[in-house]
Every structure is written in structure tokens, then in C-alpha cells.
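A short worksheet on the structure shown next.
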Amino acid sequence: MSLTALNKKALLEQEAHRLYGLLGSVSRSKGVKWSYADCLQAAPYTLAINQIKKEKNAVILAHSYTVPELVLGVADFSGDSYALSRKACEVSADTIVFAGVWFMAETAKILNPSKRVLIPAGKAGCTLADAITEEEVRALKAAHPGAPVLCYVNSTAGVKAESDVCVTSGNVFDIAAKLPQKELIFVPDLLMAQNIEAELKRRGVSKKIIASGGSCCVHDKYTPADVQALRRDYPGIKVLCHPESRPDVCAQADFVGSTKGMQDYVAASSDKLFGLLTEVGLVNRLEAAYPDRKFIWPFGTCAYMKKNTLANTFQALLEPRADQTVELPPDVIARAKKSLENMFEMSK
Ligand code: 13P
Ligand code: SF4
């Protein structure tokens, strides 16, 4: 073996050790953890991505639902929708590589329009963002004059541009409660709209929510039977769910909150056993952060988020395709930005 080949082998092994330290307690599939051999396979990509990132003056923002080798191996920042949108505002590098779904990359472009925004997965959809068009929002506004439009961040730039305030899963209840109007239009998540109504009722606030009909194809699958099965099979378990789930599931959970909210709940808890009715990416993050705790995850994978891989992240950094580059008309950016800024203002 030549000296160069030996050096390359040593470098790959060093990278595989680094990855194994991060991913060793993470599930690769049900019941199977990341092995050193898995890390050795990922190592050429993570080395190359971390190198090209510097050369291209790029940062990688990754949603917690993307694959753990991206979140832990190459991302500069990872988090939930709200944290990622805040981070996108602060980026000073030339390029933002957004590992997530299309509406999230659009949000980064709206908030920091002078940057080049790339998404490795290309036009990766989301069953919520794809559930309503801006024309349909305009029709709702015409039918309910005076009712402000709250749009969940899982919406297209065009829908954000038609809305008064954007919200995320972390601030939706507080913002809905703060708005003075008695009638609100909420798009595009029907289950979250029902959860807003239930939460406002709990807070003693009476408001009518006019909703549209979308749902998340991951979180809408959970049923009360899943909560009951977790409690039956794992006595003492704490069950956590997302506000995109059905109200009858949320009513039975120990905690309902955003991806970050669930992370914070686990961080603050002294419990060791958690049932996560959410996307597997969050389970993986928690497994990495708390190797001494047990996280039970019945099912739930977002195929759109998982379209981001190490291979297409490298390719997007090297030579992005047109469908991996976010471009938006300036007037849409300006109007959509207002709804996001209103959210930041109302979250203070
Ligand atoms: P978060 O706002 O919790 O990041 O959720 C985004 C999402 O797509 C949930 O399905
Ligand atoms: Fe959309 Fe659901 Fe995937 Fe989140 S998990 S990106 S809401 S389809």
C-alpha cells in the first residue's frame, strides 16, 4: 500500500470513529443500531461534504426529521421549523443548504433572500404544504372578511404571502390566543385547527376557527389505540405527541408540543422511558443525546424529509440542479416575509 493510500485509510478511519461516537447509540432500523462499518461507509461523504462546505462558504441547516448522518455528521445547525427559521435569518455565509422539505427551504429564502438557498432533496413536498393554494386562501378571506389568516409554517411561500401571521407548532396556541379577533382562519392543518380550538377552550378563550382540510401524513396516523398500547406494554411510560396529531390522541398524551418542545420535555424529565408518536428523526436525535434512556417509537417516517441524503447533499454543494435551487418572485418574498416577521414579533 502506498503512503497516500495509507493516509487516506487513516483519515477515513478517523472520520468513522468520529461518526461512531455521534451515531453509535442511534437506531439505523428497528432494533439495529449504527455500527462502525456503517460509519465507515458514510465517512467518505461526510469528509467530502465538510470540506466542500468550507470551500463554497456554505452552511447546512437540517430539520430534525432528516437522516441522522446529515443531522449529526454534517449539519451546522439542526432543529425544528421555528429554530431553523430564526437561524436562517442570521446566516452570513454565501449559501444555505437546507436539508428539509421545500417549504422550509423557501422560508429560509424569504428570510435571507440575498443568499443562495439549496435543498438537496429538490422539490420535496409535504402533505400539509401541498394541501392548499393561495387562490383557496383568497377565497376563504373573501368568505370571512375581517378574520385574520394564520398560516402554519408548513405552507407554500404563496400561501404565506396571502396570510397575516405565520405560526409554527411551537407558538401556534399562544399566537392564536393573543390575536384579538373572535374569528380566525387557520390553514392548512385541520387537526391542528381542532387542537387550537381545544387548547383555547382549556385557557378559557372563546374563538371560532375557520379551517381548511389538510393533514400531515405522518402524525395523522396515530390513534388513541397507539397511546393505550404504549401504556399497556410499557408501564410508567411518558407519551409525547405533536399538535399535528388527532385531538383524541393529544388528549391522552402526557405532553403535546413541537419537535423542540418534545426535546425540551425529555431534557427536563428524570424519566427514562418515553413513547414518541412522531417522526423517527426526532427519536434518533434523542437516542444520540440520551443513550441511557429508552425511546419507543411505534412507526412514522416522513418520506419527503428522507429524500435528503449524504450523496445528494454533496452533489448539491458541488453542482446544484435548478430544482435544488430556491428562487422566488420579489413581491412574494416581501409579502410572505411580513407574515413571518409578525410571527417573530408575536412570539416575543
Ligand atoms: P416542527 O415545527 O415541530 O419542526 O414540525 C415540522 C413538521 O413538519 C412536523 O411534521
Ligand atoms: Fe410535512 Fe408531515 Fe413530513 Fe412534517 S412530517 S414535512 S408535516 S409530511
Side-chain angles (χ1 to χ4, degrees), residues 61-67 70-71 75 77-88 98-108 111 119-132 150-156 159-160 165-176 186-193 195-196 212-222 240-246 249-250 253 255-267 276-286 297-308 340 343-344 347:
L61 306 184
H63 191 273
S64 295
Y65 295 174
T66 55
V67 290
L70 275 175
V71 171
F77 182 81
S78 55
D80 70 353
S81 302
Y82 186 76
L84 287 165
S85 60
R86 295 262 39 169
K87 203 73 195 172
F98 204 114
V101 289
W102 185 258
F103 78 80
M104 294 181 175
E106 274 187 344
T107 306
L111 291 168
I119 169 166
K123 292 220 157 81
C126 158
T127 55
L128 276 172
D130 298 340
I132 193 161
L150 273 77
C151 70
Y152 188 33
V153 70
N154 294 41
S155 53
T156 62
V159 165
K160 287 185 180 75
V165 192
C166 186
V167 294
T168 69
S169 52
N171 55 35
V172 56
F173 299 134
D174 290 339
I175 291 182
F186 180 76
V187 294
D189 188 340
L190 180 62
L191 298 179
M192 193 176 280
N195 286 321
I196 299 173
S212 64
S215 73
C216 162
C217 61
V218 174
H219 292 99
D220 72 358
K221 299 286 181 298
Y222 292 112
L240 282 56
C241 82
H242 196 279
E244 289 168 9
S245 295
R246 288 167 34 170
V249 171
C250 296
F255 177 76
V256 184
S258 69
T259 303
K260 171 76 163 54
M262 289 191 231
Q263 280 177 295
D264 292 346
Y265 180 94
V266 172
L276 295 163
L277 300 185
T278 187
E279 212 280 341
V280 65
L282 178 65
V283 183
N284 296 152
R285 285 204 69 174
L286 291 168
W297 161 78
F299 57 87
T301 301
C302 178
Y304 307 106
M305 290 281 188
K306 300 311 188 219
K307 282 187 182 167
N308 298 278
L340 286 158
M343 167 176 78
F344 295 141
S347 306

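When a ligand or atom number is given, it counts from 1 through the structure's own listing order.
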message = Side chain, backbone, both or neither: which applies to Glu279 and ligand 2 if a contact is any heavy-atom pair less than 4.0 Å apart?
response =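 Contact part for Glu279 vs ligand 2: neither.
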For [atom], the protein heavy atom that lies nearest, with its residue and separation:
atom	result
atom 10 (O) of ligand 1	Glu244 OE1, 2.8 Å
atom 6 (C) of ligand 1	Ser81 OG, 3.4 Å
atom 7 (S) of ligand 2	Asn154 ND2, 3.1 Å
atom 3 (O) of ligand 1	Thr259 OG1, 2.6 Å

key: Working for side chain to side chain contact (heavy atoms under 4.5 Å, CB included), residues Met104 and Ile119   = CA-CA 9 Å; Met104 294 181 175; Ile119 169 166; over 6 Å; no
task = Could you check Met305 against Val101 for side chain to side chain contact (heavy atoms under 4.5 Å, CB included), going step by step and ending with a plain yes or no?
result = CA-CA 6 Å; Met305 290 281 188; Val101 289; 4.0 Å; yes
message = Here's a test for you: under side-chain contact (heavy atoms from CB on, under 4.5 Å), which of Ser85, Ser81, Cys151 qualifies with Cys166?
response =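 For Cys166, the side-chain contact (heavy atoms from CB on, under 4.5 Å) test succeeds with only one of Ser85, Ser81, Cys151, which is Cys151.
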Between ligand 1 and [X], can you find any atom pair, the residue atom being a heavy atom, that is separated by under 4.0 Å?
X	answer
Tyr65	yes
His242	yes
Thr168	no
His63	yes

Close-contact set for ligand 2 against [X] heavy atoms, below 4.0 Å:
X	value
Leu128	7 (S)
Cys302	3 (Fe), 5 (S), 6 (S), 8 (S)
Thr127	8 (S)

query = Would you call the rings of Tyr65 and His63 parallel, tilted or perpendicular, where under 30° means parallel and over 60° means perpendicular?
reply =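 Judged by the thresholds at 30° and 60°, the geometry between Tyr65 and His63 is perpendicular.
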ask   = In terms of the angle between their ring planes, are Phe186 and Tyr152 parallel, tilted or perpendicular, with boundaries placed at 30° and 60°?
value =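 Answer is tilted, since the angle falls between 30° and 60°.
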Candidate pair Val172 and Ile196, rule side chain to side chain contact (heavy atoms under 4.5 Å, CB included), full reasoning = CA-CA 8 Å; Val172 56; Ile196 299 173; 3.6 Å; yes
task = Quick one: closest heavy-atom pair of Met343 and Ser347, and the distance?
result =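 So the minimum-distance heavy-atom pair works out to O-OG, 2.6 Å.
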query = Do any N/O atoms on Asn154 end up under 3.5 angstrom from N/O atoms on ligand 1?
reply =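 For ligand 1, there is an N or O atom that lies under 3.5 Å from one belonging to Asn154.
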query = Can you find an N/O atom of Ser169 closer than 3.5 Å to an N/O atom of ligand 1?
reply =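 Min N/O separation from ligand 1 is below 3.5 Å for Ser169.
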task = Could you list the atoms of ligand 1 found under 4.0 angstrom from a heavy atom of Ser258?
result =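 Near Ser258, meaning under 4.0 Å from one of its heavy atoms, ligand 1 has 3 (O).
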message = Determine whether Leu191 and Arg246 satisfy the following criterion, side chain to side chain contact (heavy atoms under 4.5 Å, CB included), listing intermediate values before the conclusion.
response = CA-CA 6 Å; Leu191 298 179; Arg246 288 167 34 170; 4.0 Å; yes
request  = Drop me the distance from Lys87's NZ to Leu111's CG, to the nearest 0.5 angstrom.
outcome  =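 Here the interatomic distance stands at 14.0 Å.
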inquiry  = Please determine whether the number of non-hydrogen atoms from other residues, nucleotides or ligands lying under 6.0 Å from atom NZ of Lys260 exceeds 12.
reply    =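 Atom NZ in Lys260 is not packed in, count stays at 12 or less.
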N, O or S of Cys126 under 2.8 Å from atom 1 (Fe) of ligand 2 =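 An N, O or S atom of Cys126 is closer than 2.8 Å to atom 1 (Fe) of ligand 2, so yes.
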message = Looking only at side-chain N and O atoms, does Arg285 offer a donor or acceptor that is under 3.5 Å from a partner on Ser78?
response =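 Short answer, yes.
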ask   = Backbone or side chain, does Cys216 get an N/O/S atom under 2.8 Å to atom 3 (Fe) of ligand 2?
value =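 No - counting backbone and side chain alike, Cys216 has no N, O or S atom under 2.8 Å.
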